[in-house]
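Working notes, beginning with the structure itself.
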Protein chains: 2
Amino acid sequence: MHYSRDNMPGLLRSHDINPTHQRIEIAYALFSRMEHLSADQVMALVNVYHSETSKATVYNTLNLFLQKGLIREVIVDPNKVFYDPNTRPHHHLYDVESGHLTDVDAQDIHISGLPPLPKGTALEGIDLIVRVRKAG
Amino acid sequence: MHYSRDNMPGLLRSHDINPTHQRIEIAYALFSRMEHLSADQVMALVNVYHSETSKATVYNTLNLFLQKGLIREVIVDPNKVFYDPNTRPHHHLYDVESGHLTDVDAQDIHISGLPPLPKGTALEGIDLIVRVRKAG
DNA sequence: TCTAGAACCTGGACTTTGTCTAATTTCGCG
DNA sequence: CGCGAAATTAGACAAAGTCCAGGTTCTAGA
Ligand SMILES: [Mn+2]
Ligand SMILES: [Mn+2]
Ligand SMILES: [Zn+2]
Ligand SMILES: [Zn+2]
């Protein structure tokens with residue numbers, strides 16, 4: 001499900017985020033495409049026509065979205081983090097050469113045999129990453 | 001199984017790596033502890049008594065070890081990569097607060113329902129990361 | 001033993017990704 | 001409108017990592 005720009009204020013408010021111009025643009029970059037984007041890519045997308053959003057605001061806003069649970073982060077590349085507008089439980093397939101990242105539905109996948117968590121710790125999440133490269 | 005310093009030249013040669021003084025020290029830092037270390041931590045360990053190995057050499061050597069299959073890298077933290085002397089198939093449990101990383105044997109774990117790989121790609125590896133934090 | 005090339009190591013400049021801060025702009029509201 | 005709070009900004013700063021030109025060490029052959 002993709003979103004239009006008009007959906008953004010409501011989406012932001014539903015996550016307790018004050019919808020400002022910059023926040024709407026950043027949310028729209030992510031939710032109109034429903035793709036995994038790095039901070040750099042978000043920065044480029046919101047500034048295509050004329051520069052209107054600073055680097056500091058891009059990072060502040062992405063971290064705010066993260067903290068409010070509007071997006072999640074995906075750590076697969078040693079050089080940059082990807083921001084993911086899909087917050088439903090899912091896993092990732094990562095092409096280590098092209099850097100292309102795609103979703104794998106969690107519904108179909110079963111993981112068994114996990115050890116019990118260490119005493120005094122709570123589960124934060126389980127990340128499953130399938131790394132592939134061009135066959136040769 | 002831990003290693004002594006005397007094992008290092010043979011270990012390096014068995015992976016087609018010329019054993020130099022710096023390479024032996026770096027391998028020893030990893031294989032004597034059998035722990036996940038960042039480049040920074042390796043750097044500190046090989047230079048405890050007097051500075052003898054440069055930053056460039058630490059990074060060059062870790063990447064050489066990686067390429068030769070002597071160690072593997074673990075990408076769980078957005079800020080640094082961890083180098084892992086354990087190359088047997090295994091997964092990881094990561095405490096997002098303390099940054100502590102522990103191994104989870106792959107033997108016991110079964111993952112089912114993975115989709116077929118995209119045409120023309122080969123599996124590079126499957127990383128499973130269990131993220132935990134202090135309960136509260 | 002001497003020597004030349006290859007391999008290796010080094011300091012430091014540079015790059016990338018991201019954070020911080022102090023000053024300014026915009027927003028929400030009475 | 002006019003005030004205080006919230007948000008944004010430019011640019012300095014920081015951490016992780018790469019690159020390069022020059023220097024050192026190793027090795028094989030004469
Ligand atoms: Mn950027
Ligand atoms: Mn990095
Ligand atoms: Zn995703
Ligand atoms: Zn490990």
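First the proteins, then the strands, lettered A, B, ... as listed; each starts at 1.
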Between [N] atom [atom2] and [X] atom [atom1], what is the distance in whole Å?
{"X": "B/N47", "N": "C/dC9", "atom1": "CG", "atom2": "C1'", "answer": "13 Å"}
{"X": "A/I26", "N": "D/dT8", "atom1": "CD1", "atom2": "P", "answer": "8 Å"}
{"X": "A/N79", "N": "C/dT17", "atom1": "CG", "atom2": "C1'", "answer": "9 Å"}
{"X": "A/N60", "N": "C/dT21", "atom1": "CG", "atom2": "P", "answer": "12 Å"}
{"X": "B/L62", "N": "C/dC9", "atom1": "CG", "atom2": "P", "answer": "12 Å"}
{"X": "A/M43", "N": "D/dT8", "atom1": "CE", "atom2": "C1'", "answer": "12 Å"}
{"X": "A/Q67", "N": "D/dA7", "atom1": "CD", "atom2": "P", "answer": "11 Å"}
{"X": "A/D77", "N": "D/dG17", "atom1": "CG", "atom2": "P", "answer": "12 Å"}

[X] vs [N]: side-chain N/O to OP1/OP2 distance below 4.0 Å:
{"X": "A/Y59", "N": "C/dT19", "answer": "no"}
{"X": "B/T57", "N": "C/dT10", "answer": "yes"}
{"X": "A/N63", "N": "C/dT19", "answer": "yes"}

* Asked: Quick one: the side chain of A/K55 and the base of C/dG18, do they pair up donor-acceptor inside 3.5 Å?
  ->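 Donor-acceptor pair under 3.5 Å: yes.
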
* Asked: Which one, D/dT9, D/dA16, C/dG12, comes nearest to the side chain of B/K80?
  ->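 When the side chain of B/K80 is considered, D/dA16 is the closest of D/dT9, D/dA16, C/dG12.
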
* Among C/dT17, D/dA10, C/dG11, find the nucleotide with the atom closest to the side chain of B/S54. => C/dG11

* By a strict heavy-atom criterion of less than 4.0 Å, which residues belonging to residues 16-25 of chain A are in contact with DNA chain D? -> A/N18, A/T20, A/Q22, A/R23

* Proximity of B/H36 and B/H100 rings by center, below 6.0 Å -> no

* Geometric cation-pi criterion, A/R5 with A/Y28: 6.0 Å, 45° ->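 Geometry flag: set, cation within 6.0 Å and 45°.
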
* Closest-nucleotide ordering on DNA chain D, the 5'-leading residue of A/V58 and B/S38 -> A/V58

* Asked: Judged by modelled atom types alone, do A/D84 and A/H90 share a side-chain donor-acceptor pair under 3.5 Å?
  ->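 Note: A/D84 and A/H90 side chains meet the donor-acceptor criterion.
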
